[in-house]
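Note sheet for the following structure.
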Amino acid sequence: MTETIRFLMCSPDHYDVDYVINPWMEGNIHKSSQEKARQQWQQLYHVLKDRALVDLVTPEKGWPDMVFTANAGLVLEKTVVLSRFLHKERQGEEPYFKQWFEDNGFTVHELPKDLPFEGAGDALLDREGRWLWAGYGFRTELDSHPLIAKWLDIEVLSLRLIDERFYHLDTCFCPLSGGYLLYYPDAFDAYSNRLIELKIPEEKRIIVEEADAVNFACNAVNIGQVIVMNKISDDLQHNLAAKGFEVVQTPLTEFLKAGGAAKCLTLRTTEPLIPDHHANVTIESRILQLEGHLLDAGIMNKALDVVVGNGGSFKVLNFTLGIERQSTSSAEVRVSAPSHEVMEEIMVQLIDLGAAARPQEICDVNTAVVAQDGVAPDDFYVSTIYPTEVRVNCEWVRVENQRMDAAIVVTESPEGKTAKCTLLRDLKAGDRVMVGVEGIRTIRQAESREQRNSTQEFTFMGAGVSSERRVELTVEQIAWEMRQIRDQGGKVVVTAGPVVIHTGGAQHLSRLIRDGYVHALLGGNAIAVHDMEQAIMGTSLGVDMQKGIPVRGGHRHHLKIINLIRRHGSIAKAVSAGVLTKGVMYECVKNNVPFSLAGSIRDDGPLPDTEMDLIKAQEEYSRLIQGADMILMLSSMLHSIGVGNMTPAGVKMVCVDINPAVVTKLSDRGSVESVGIVTDVGLFLSLLTQQLDKLTRPLVETV
Ligand code: ARG
């Protein structure tokens with residue numbers, strides 16, 4: 001009965017490690033012994049011959065990897081999909097394999113050029129014939145899977161490989177008789193592992209540990225209850241025996257040096273006829289449009305990285321390159337993903353880059369109705385800072401109240417259509433909310449190529465890369481813009497943490513407020529407490545601000561201050577009473593600059609002015625930043641992130657912090673409008689006031 005099983009092999013006459021196209025080959029060039037390779041191959045050949053028929057294809061000189069016949073193509077019944085090798089080092093094998101298949105009566109399908117697929121190395125039939133497992137990620141392109149499904153008329157399950165040591169599916173995955181599966185889970189991404197677990201019940205999964213995996217334990221040939229493989233651990237052997245398999249171990253060390261073992265050296269050419277299989281692919285494709293400085297601004301790279309990084313694949317259908325320095329390019333890209341789920345993940349990120357599905361393709365947006373107050377439907381689209389438009393009844397409608405992390409509620413009435421960013425807690429039952437990713441686009445400003453890298457980060461005191469001159473230049477620029485905003489009646493909002501006071505910035509920030517450069521102040525309990533502590537007692541968190549040393553009992557100072565203000569009822573009342581006569585809070589009160597202090601769990605007191613109801617505090621903040629032209633974020637990660645989330649793109653943000661990680665986190669809004677400065681905030685404020693002074697000085701200086 002085994003007679004009906006046939007394998008194709010190729011004798012290792014010209015086998016050698018001649019080049020490096022996988023990590024196993026590294027350091028092994030010409031290191032395999034011809035003699036030993038021949039012996040090992042012969043031994044495998046005999047093991048198989050005892051159990052099946054083995055055909056041979058003539059080895060060709062100059063094609064050392066031709067011994068790995070698993071990569072000749074993928075056979076099902078009398079049809080074969082010929083391999084399209086990724087590396088030119090192996091492409092020369094294609095015509096020889098093609099010839100062999102044709103001579104032996106197979107119908108040969110060939111994939112388009114540049115759509116790699118490496119045959120049975122990357123595609124393995126379920127031994128019950130239910131479906132085809134197909135790998136991608138290193139050698140085979142995802143987009144080849146739908147063609148294979150069509151030609152072989154079979155369901156294809158795509159698995160993404162993520163460990164380059166396991167570059168072909170058959171190096172880490174081996175379906176066995178009886179519905180068993182021998183595999184190494186770490187070679188696959190999370191999505192693929194889930195798919196495997198969905199399809200193969202737990203008791204049928206035989207997991208291989210890394211030590212066996214790197215000995216190519218999964219690269220096994222299964223004939224009925226027999227499994228032929230390279231040397232494996234006793235544990236795995238016992239495990240397989242317990243499942244009723246007879247393991248035949250045959251050493252293949254010489255072939256391991258090229259990244260192959262038993263399965264790679266064979267191609268099963270009799271795959272059983274399965275009565276009722278049909279093409280079925282879960283792979284989804286969409287056509288997207290992108291426009292802008294696609295090359296200069298790196299948008300094209302980013303977009304394609306998003307696709308591939310999430311396990312998708314792409315084809316650029318057309319690309320119109322802008323010719324002049326300032327002209328924009330446009331592209332149409334077909335994106336494929338192994339499932340709907342992955343496609344949505346990719347789409348959400350591409351929307352942020354400004355990609356949109358062809359508008360004519362969507363008429364009605366996908367919405368779902370809110371069933372419970374304060375709870376969005378599953379799969380609701382989460383808004384970003386970028387100006388967004390959504391498709392409502394065949395028209396693009398601009399989203400109002402643009403901010404990050406909200407749901408988009410759409411309405412349609414005789415007066416018109418609206419779309420609005422709405423916080424989860426403000427959703428009402430019956431609201432219609434955007435779900436999925438269809439019919440949503442963000443409008444990215446066509447940044448000019450010069451601006452493209454201005455999400456910059458300057459380091460002053462930061463270790464190593466300090467460049468005082470560059471910080472000075474940035475501060476000059478910021479001062480100039482603040483001056484302009486003030487003169488034009490614009491709005492600058494400052495968020496500040498207590499570090500502003502600790503680093504001696506209070507006097508400078510006070511100056512800015514007094515001179516009309518600040519139009520709202522956002523902070524927490526601490527900045528106000530320490531500012532007033534320093535104004536009244538000369539210390540900040542108990543540290544003498546003149547001498548820079550802690551004063552005895554100083555840790556109690558801030559509580560004394562809190563108590564004092566509580567006695568007066570509010571900061572403003574303390575100012576009227578003449579108790580508070582200088583500092584940041586004093587200037588706010590005196591100059592009618594509104595402030596909002598948002599409370600937190602660690603607050604002492606708190607001050608009567610501190611809003612401990614966080615929802616109210618968020619509302620206050622959001623009211624105060626309305627219409628801001630610039631936001632200065634001074635050493636307060638917590639409040640600055642809060643503010644960042646409420647602020648739409650287009651508002652200039654300046655983030656100053658001594659910690660580069662904070663600056664990066666805050667200033668990375670993927671757009672031109674934010675500047676990050678890594679420096680001591682006290683120093684920054686001092687430079688800033690100096691610069692503003694210079695700008696107000698008369699032009700003609702006396703000599
Ligand atoms: N050196 C060959 C390559 O990198 C090894 C192929 C192994 N074949 C396999 N089916 N895994 O392509």
Side-chain angles (χ1 to χ4, degrees), residues 7-12 14-32 34 37 40-41 44 48 57 59-60 62-75 80-94 96-97 116-125 132-141 144 148 159 161 163-175 182-184 187-188 208 213-222 228-230 252-269 271:
F7 289 95
L8 176 67
M9 290 182 72
C10 175
S11 124
H14 306 295
Y15 170 69
D16 195 1
V17 181
D18 267 0
Y19 44 74
V20 177
I21 55 171
N22 68 49
W24 306 96
M25 299 174 102
E26 237 164 75
N28 274 327
I29 290 196
H30 305 317
K31 291 263 174 69
S32 72
Q34 265 277 279
Q40 294 182 340
W41 186 88
L44 174 69
L48 293 186
V57 55
E60 297 290 337
W63 304 106
D65 272 337
M66 210 175 149
V67 275
F68 298 115
T69 50
N71 300 119
L74 170 67
V75 176
V80 60
V81 180
L82 196 69
S83 282
R84 269 254 180 253
F85 286 96
L86 172 72
H87 296 291
K88 63 175 182 334
E89 285 85 346
R90 294 200 64 182
Q91 287 164 359
E93 300 170 32
E94 291 166 14
Y96 301 113
F97 286 131
F117 164 64
E118 298 204 347
D122 260 335
L124 298 162
L125 279 158
L132 179 75
W133 296 103
Y136 72 102
F138 293 106
R139 300 293 184 85
T140 293
E141 196 55 58
S144 65
I148 295 164
L159 299 175
L161 299 165
D163 180 335
E164 58 173 356
R165 295 173 302 172
F166 304 101
Y167 57 94
H168 276 142
L169 184 62
D170 68 0
T171 60
C172 50
F173 191 90
C174 183
L182 180 71
Y183 78 120
Y184 176 59
F188 300 93
V208 172
V214 296
N215 270 322
F216 276 57
C218 301
N219 199 249
V221 183
N222 175 218
V228 184
M229 50 168 63
N230 185 41
L252 291 163
T253 51
E254 293 318 291
F255 297 100
L256 248 56
K257 294 174 183 169
K263 164 66 174 57
C264 302
L265 291 165
T266 61
L267 174 71
R268 185 161 169 162
T269 51
E271 289 292 6

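Below, each value reflects all heavy atoms present in this structure, side chains not excepted, and no hydrogens, waters or symmetry copies. Whatever order the structure lists them in is the order used to number ligands and atoms, beginning at 1.
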One finds that the ligand 1 atoms under 4.0 Å from a non-hydrogen atom of A70 are 10 (N)
Check: Under the 3.5 angstrom rule, does the side chain of T69 hit a backbone N or O of L8 as a donor-acceptor pair?
Finding: yes
For R139, the ligand 1 atoms with a heavy-atom partner under 4.0 Å come out as 3 (C), 4 (O), 12 (O)
Problem set entry | Any E89 heavy atom less than 4.0 Å to ligand 1 | no
I want to know if ligand 1 touches A258 in the polar sense, i.e. an N/O pair below 3.5 angstrom.
yes
| message | Using a 3.5 Å cut-off on N or O atoms only, is E118 in polar contact with ligand 1? | response | no
One should read off an interatomic distance between F255 CZ and L265 CG, to the nearest 0.5 angstrom, of 5.5 Å
In ligand 1, the atoms that come under 4.0 Å of a heavy atom of G121 are 10 (N)
(message) Are any of the N/O atoms on D65, whether in the backbone or the side chain, positioned under 3.5 angstrom from an N/O atom of ligand 1?
(response) yes
| query | Any donor and acceptor pair, going by atom type alone, linking the side chain of W24 with main-chain N or O of R165 inside 3.5 Å? | reply | yes
Is there a polar contact, in the sense of an N or O pair closer than 3.5 Å, between H168 and ligand 1?
yes
**Q.** Residue-ligand contact W24/ligand 1, heavy atom below 4.0 Å
**A.** no
Exercise for the section: Give a yes or no answer on whether the side chain of Y96 reaches the backbone of M66 with a donor-acceptor pair at less than 3.5 Å. Expected result: no
| said: Yes or no: does M25 have any heavy atom under 4.0 Å from an atom of ligand 1? | reply: yes
Whether K263 and D170 form a salt bridge (side-chain N of Lys/Arg under 4.0 Å from carboxylate O of Asp/Glu) is what I want to check. yes
